[in-house]
Amino acid sequence: MTRLLPGILAMATVVVASNILVQFLFGNWLTWGAFTYPIAFLVTDVMNRVYGPQAARRVVFAGFFVGIACSLIGSQIMLEYGPAVPLRIAVASAIAFLTAQLLDVSIFDRLRQSVWWKAPLASTLIGSIVDTALFFTIAFSATVSIFGAGNDAAISWAWEATPLLGQGPVTPLWVSLAIADWSVKLAIALLALIPFRMIVAKLSHKTA
């Protein structure tokens, strides 16, 4: 377990930072949390490459429970429109994180014998698509109505009809947010290949 501690701490830091930074806007379609959250995939992939899928899953579950704790704290912070973390956003975040990260672990493990960049890139891209689709659909889609009127009212701003990314066809605001969010995940997935290679080489040398 000691060898996994740096990965667990890194994942916890990413989750906590993202939960805080998601409260601050970056432009019209993003929050600052969009730039920190994708690093979770980097942490998972490094742990998978160096220590294997079982260790990576332990780090993922550690991040999942930290995320639950953040949501519980956020649900007690009351803002003018309601709790900082409404129930449906908390549920969406938990489901998206756990599903996408465990999928990432599985895909990475299947591709681990390929060229070094294929496993982290493919697993992160597919995981990111699933993460974005699950989170934004559960958290904001008007077709999801299982959380009650109170939770729907807290996120009704996301249903505003606006041009897609400010210039395309008219869609609910949350669709633009989802596309912008995934675009950041895509960019970071490509950029993360450099630190992935460096960190894996360093850790592999230590464990050799």
Peer 1: Applying side chain to side chain contact (heavy atoms under 4.5 Å, CB included) between Phe196 and each of Asp45, Val43, Thr124, report the one that passes.
Peer 2: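 Of the listed options, the one satisfying the test is Asp45.
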Peer 1: Could you measure the distance from the OG1 atom of Thr44 to the CD atom of Gln101? Nearest 0.5 Å is fine.
Peer 2: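 Spacing of OG1 (Thr44) from CD (Gln101) equals 3.5 Å.
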Peer 1: Could you report the tightest heavy-atom contact between Val50 and Ser204, atom names first, then the distance?
Peer 2: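 Taking Val50 first and Ser204 second, the nearest heavy atoms are CG2-OG, 4.2 Å.
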Peer 1: Checking the side chain of Asn19 only, and the main-chain atoms of Val15 only, is there a donor and an acceptor separated by less than 3.5 Å?
Peer 2: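 Confirmed, Asn19 side chain pairs with Val15 backbone.
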Peer 1: Kindly give the heavy-atom pair with the smallest separation between Ser71 and Val85, and that separation in Å.
Peer 2: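 In terms of heavy atoms, the two residues are closest at O-CB, 4.1 Å.
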Peer 1: Under a plain distance cut-off of 3.5 Å, with no hydrogens placed, do Tyr37 and Asp181 share a side-chain donor-acceptor pair?
Peer 2: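 No, because no side-chain N or O of Asp181 sits under 3.5 Å from a partner of the opposite role on Tyr37.
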Peer 1: Under 4.5 Å between side-chain heavy atoms, hopping through other hydrophobics if needed: is there a path connecting Val184 to Phe24?
Peer 2: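 Yes, one cluster joins them.
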Peer 1: Report the distance from atom CD1 of Ile199 to atom CE of Met47, rounding to the nearest 0.5 Å.
Peer 2: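 Atom-to-atom, Ile199:CD1 and Met47:CE are 11.0 Å apart.
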Peer 1: Do the side chains of Leu25 and Phe135 join up, straight or via other hydrophobic residues, at under 4.5 Å, putting them in one cluster?
Peer 2: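 Per the 4.5 Å side-chain linkage, Leu25 and Phe135 are not co-clustered.
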Peer 1: Any side-chain heavy atom of Trp182 within less than 4.5 Å of one from Ser128?
Peer 2: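 Sidechains of Ser128 and Trp182: in contact.
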Peer 1: Give a yes or no answer on whether the side chain of Arg88 reaches the backbone of Ile155 with a donor-acceptor pair at less than 3.5 Å.
Peer 2: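 Pair absent, no side-chain N/O of Arg88 close to backbone of Ile155.
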Peer 1: Distance-only, no hydrogens or angles: does the Arg57 side chain make a donor-acceptor pair with backbone N or O of Asn48 under 3.5 Å?
Peer 2: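 No, Arg57 side chain to Asn48 backbone: no donor-acceptor pair under 3.5 Å.
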Peer 1: Please name the pair of heavy atoms, one in Ala122 and one in Ile107, separated by the smallest distance, quoted to 0.1 Å.
Peer 2: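 In this case the closest contact between Ala122 and Ile107 is C-CG2, 4.4 Å.
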Peer 1: Do side-chain atoms of Ser75 reach the backbone of Leu72 as a donor and acceptor pair under 3.5 angstrom?
Peer 2: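 Here the side-chain-to-backbone pair exists.
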Peer 1: Applying a strict under-4.5 Å side-chain criterion to I, L, V, M, F, W and Y, I'd like to know whether Val16 and Phe65 cluster together.
Peer 2: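 Val16 and Phe65: one cluster.
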Peer 1: Indicate the ring-plane relationship of Phe97 and Phe64, choosing parallel, tilted or perpendicular according to the 30° and 60° boundaries.
Peer 2: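 It falls in the parallel class, under 30°.
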Peer 1: Same cluster for Leu87 and Ile146 if Ile/Leu/Val/Met/Phe/Trp/Tyr side chains link at under 4.5 Å?
Peer 2: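 Linked within one cluster.
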Peer 1: Classify the angle between the aromatic ring planes of Phe26 and Phe35 as parallel (below 30°), tilted (30 to 60°) or perpendicular (above 60°).
Peer 2: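 The arrangement is perpendicular - the two ring planes meet at more than 60°.
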Peer 1: Are side-chain heavy atoms of Trp174 and Ser141 found at a separation under 4.5 Å?
Peer 2: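 Sidechains of Ser141 and Trp174: in contact.
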Peer 1: Would you mind reporting whether Ile89 and Phe140 have side-chain heavy atoms less than 4.5 Å apart?
Peer 2: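 The answer is yes; the side chains approach within 4.5 Å.
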Peer 1: Grab the two heavy atoms, one from Ser176 and one from Leu165, that are nearest each other, plus how far apart they are.
Peer 2: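 Minimum heavy-atom separation between Ser176 and Leu165: OG-N, 2.8 Å.
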Peer 1: Between atom CG of Leu103 and atom CG of Leu98, what is the distance when rounded to the nearest 0.5 Å?
Peer 2: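 Output value for this atom pair is 11.0 Å.
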Peer 1: Would you mind reporting whether Leu186 and Leu125 have side-chain heavy atoms less than 4.5 Å apart?
Peer 2: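 They are in side-chain contact.
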Peer 1: Got a second to check how far Leu121's CG is from Trp116's CH2, nearest 0.5 Å?
Peer 2: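 It is 9.0 Å, given to the nearest 0.5 Å.
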Peer 1: Drop me the distance from Leu134's CG to Thr99's OG1, to the nearest 0.5 angstrom.
Peer 2: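 Answer for the CG-OG1 pair, Leu134 versus Thr99, is 5.5 Å.
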Peer 1: Rounded to the nearest 0.5 Å, how far does CE of Met11 lie from CG of Leu4?
Peer 2: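 Reported value, rounded in 0.5 Å steps: 11.5 Å.
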Peer 1: Is there a path of hydrophobic side-chain contacts, each under 4.5 Å between heavy atoms, that joins Ile179 and Trp157?
Peer 2: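 They do share one cluster, since a chain of ILVMFWY contacts under 4.5 Å joins Ile179 to Trp157.
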Peer 1: What closest approach, in Å, do Ala178 and Phe136 show between heavy atoms, and which atom pair accounts for it?
Peer 2: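 Taking every non-hydrogen atom into account, CB-CG, 3.6 Å.
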Peer 1: Do Leu102 and Phe61 touch side chain to side chain, with heavy atoms closer than 4.5 Å?
Peer 2: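 The answer is yes; the side chains approach within 4.5 Å.
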Peer 1: Please give me the minimum heavy-atom distance between Ala94 and Ile68, naming the atom from each residue.
Peer 2: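 Nearest pair, atom of Ala94 first, then Ile68: CB-CD1, 3.9 Å.
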Peer 1: Do Phe108 and Arg49 touch side chain to side chain, with heavy atoms closer than 4.5 Å?
Peer 2: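 Phe108 reaches Arg49 side chain to side chain.
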